Amino acid sequence: AVTHGPHRRVPTPPDTSTTSREGSAMQDVLTYPEEFYDAYVFDMDGTIYLGDHLLPGAARMINELRRRNIPIRYLSNNPTKDPDMYAQKLSKLGLPTPVEDISNTIVTTTKWLLANHPDAVLFPIGEEPLVRALKAAGFTISHDPEKIDIVIASYDRTFDYRKLQIAFDAIWFHKRAFLIQTNPDAFCPFPGGRGEPDCASITAAIEACTRVKCSKSLGKPDPIMLQTTMEGLDARVEHSVMVGDRLQTDIQMALDTGMVSALVLTGEATADDARALPPESQPSFVLDRVDRLIPQWAWDELGWTDTDD
């Protein structure tokens, strides 16, 4: 079981106006940490930024953790960008980030394949960053169904019938390949409520025609994401925090890994979603903004308010 650690429940304001009632509807689920932790692992989109803009408080929170020399890592299920591209995006947004601080499904997929199937011939249904990383790791890439050992479904905006046919022939006709996926997301959300079909949509197409189930998923919520990220850190897993906006991926992964979890209500999950969870699925903390990871006593020392981020 995860020990949630010291936390502060946010008091509900007494005002009964409509605006206050809306605020208190959120505040009854908010809980803030009262201490710093060994390390912090962040989801990015919906947690640190939304689209091309940092979320309120993100910059000063990251800067304060770095000032205290607390390790920071970033996670993403999106395999259409490699760690270099994410580091560049964060730096462009005003958060200088070494590439070593980034782990995504390209990293976990490559590491898992190296550890478990280092000699496999691969057919990645994915975009160039994934293919490039697999080639750099020494894997043979093939489009010949008679040679393919593993079909990798991924978030691929160039997916077409030709790729589906190759996967079908390798798995169903030649009966030599098996199917894995980089991440289990059905769609990738965009600002404004739109989105794109993601990896699970492609996995579903392959499963439907081959009648073979995907045997391994290498993105959140599989604990392999956090295990890979925590490697080499001088930090206790049970005293480190996974921070994200999705209950089924970020928070579930933290629960399954034994980490402290912090749900931010700046992305997918809402206060109602958090309120509806059974006790065993509750995050350790629920935050209305990501800089509430910094304890209130530190806010007071730093002179922070909600309006000057």
Side-chain angles (χ1 to χ4, degrees), residues 43-46 49 51-52 74-93 97 99 102-114 117 120-145 147-171 177-191 194-210 214-220 222 224-225 228-229 246 249:
D43 171 60
M44 287 184 274
D45 207 349
Y49 56 73
D52 292 320
Y74 297 99
L75 287 185
S76 174
N77 261 10
N78 189 335
T80 66
K81 297 181 178 69
D82 60 27
D84 282 306
M85 298 164 76
Y86 277 112
Q88 290 171 17
K89 176 168 185 172
L90 288 167
S91 298
K92 185 178 179 181
L93 291 174
T97 303
V99 70
I102 310 287
S103 183
N104 73 338
T105 45
I106 290 178
V107 176
T108 54
T109 299
T110 303
K111 286 189 174 182
W112 183 84
L113 287 165
L114 285 170
H117 303 280
V121 175
L122 310 177
F123 176 54
I125 301 176
E127 299 191 8
E128 183 55 32
L130 174 63
V131 176
R132 186 169 58 238
L134 294 171
K135 287 180 178 177
F139 286 103
T140 298
I141 307 298
S142 177
H143 289 222
D144 183 347
K147 297 178 180 177
I148 297 166
D149 299 313
I150 303 175
V151 173
I152 306 170
S154 189
Y155 181 1
D156 184 3
R157 291 163 293 188
T158 67
F159 182 58
D160 58 16
Y161 200 85
R162 181 187 65 86
K163 293 181 180 181
L164 182 60
Q165 185 70 58
I166 293 170
F168 176 80
D169 287 343
I171 295 170
F178 63 92
L179 175 65
I180 67 171
Q181 65 180 5
T182 55
N183 54 295
D185 302 272
F187 70 96
C188 180
F190 289 170
R194 294 186 60 81
E196 284 182 342
D198 204 327
C199 176
S201 303
I202 293 171
T203 302
I206 299 169
E207 288 181 333
C209 64
T210 63
C214 178
S215 61
K216 186 66 177 177
S217 184
L218 293 155
K220 297 181 290 184
D222 194 297
I224 190 173
M225 284 287 284
T228 300
T229 302
R246 291 188 170 197
T249 53

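Model, not experiment: these values are computed from the prediction.
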S.K.: Among Leu218, Ile152, Asn77, Thr182, exactly one meets side chain to side chain contact (heavy atoms under 4.5 Å, CB included) together with Cys199. Which residue is that?
M.R.: Thr182

S.K.: Taking only residues two or more places apart in sequence, or in another chain, which ones meet Lys216 in a salt bridge (charged side-chain N to carboxylate O under 4.0 Å, His left out)?
M.R.: Asp222

S.K.: Hey, are the side chains of Lys163 and Asp156 touching, using non-hydrogen atoms and a 4.5 Å cut-off?
M.R.: yes

S.K.: Restricting to non-hydrogen atoms, name the atom on Ser91 and the atom on Thr97 that form the minimum distance, rounded to 0.1 Å.
M.R.: OG-N, 3.3 Å

S.K.: Considering non-hydrogen atoms only, spot the tightest contact between Ile148 and His143 and give its length.
M.R.: CD1-C, 4.2 Å

S.K.: So, taking the atom named CD1 in Ile202 and the one named CG in Leu164, what distance separates them when rounded to the nearest 0.5 Å?
M.R.: 9.5 Å

S.K.: Answer yes or no: is there a side-chain heavy-atom contact under 4.5 Å between Val151 and Leu179?
M.R.: yes

S.K.: With a 4.0 Å cut-off on N to O distance, would you call Lys89 and Asp52 a salt bridge?
M.R.: yes

S.K.: Compare all side-chain heavy atoms of Ile125 with those of Phe159 and state whether any distance is below 4.5 angstrom.
M.R.: yes

S.K.: If you measure from CG on Asp43 to NZ on Lys220, what distance do you get to the nearest 0.5 Å?
M.R.: 3.5 Å

S.K.: In terms of ring plane angle, is the pair Trp112 and His117 parallel, tilted or perpendicular, where the classes change at 30° and 60°?
M.R.: tilted

S.K.: Taking atom CE of Met225 and atom OG1 of Thr109, what is their separation to the nearest 0.5 Å?
M.R.: 8.5 Å

S.K.: Just by modelled atom types, is the Gly219 backbone N or O under 3.5 Å from a matching donor or acceptor in the Thr105 side chain?
M.R.: no

S.K.: What are the two closest heavy atoms between Gly126 and Val131, and how far apart are they?
M.R.: O-CG2, 4.2 Å

S.K.: When you measure from the side chain of Ser215 to the backbone N and O of Ile180, does any donor-acceptor pair fall under 3.5 Å?
M.R.: no

S.K.: Could you tell me which non-hydrogen atom of Ala120 sits nearest to which non-hydrogen atom of Phe139, and how far apart they are?
M.R.: O-CD2, 3.7 Å

S.K.: Supply the atom-to-atom distance Ile106 CD1 to Ser154 OG, rounded to the nearest 0.5 angstrom.
M.R.: 7.5 Å

S.K.: Quick one: do Asn78 and Thr80 satisfy side chain to side chain donor-acceptor pair (under 3.5 Å)? Show the steps, please.
M.R.: CA-CA 6 Å; Asn78 189 335; Thr80 66; 2.6 Å; yes

S.K.: So, do Ser76 and Asp45 sit near enough that their side-chain heavy atoms are less than 4.5 Å apart?
M.R.: no

S.K.: Do any N or O atoms from the side chain of Asp198 and from the backbone of Ala200 form a donor-acceptor pair under 3.5 angstrom?
M.R.: no

S.K.: Quick check against the 3.5 Å criterion: does Asn104 have a side-chain atom that pairs as donor or acceptor with the backbone of Pro79?
M.R.: no

S.K.: Please give me the minimum heavy-atom distance between Cys188 and Tyr155, naming the atom from each residue.
M.R.: CB-OH, 3.6 Å

S.K.: Hey, could you give me each pair passing side-chain hydrogen bond (donor to acceptor under 3.5 Å, both in side chains) that has a residue in residues 199-210? Not counting sequence neighbours.
M.R.: Gln181-Thr203

S.K.: Apply ring-ring contact (aromatic ring centres under 6.0 Å, His included) to Phe168 and list each qualifying residue two or more places apart in sequence or on a separate chain.
M.R.: Trp172

S.K.: Which distance, rounded to the nearest 0.5 Å, do you find between the CE of Met44 and the OH of Tyr74?
M.R.: 8.5 Å

S.K.: Would you call Arg132-Asp84 a salt bridge at under 4.0 Å N-O?
M.R.: no

S.K.: Quick one: pull up CG in Asp185 and CD in Glu196 and give me the separation to the nearest 0.5 Å.
M.R.: 12.5 Å

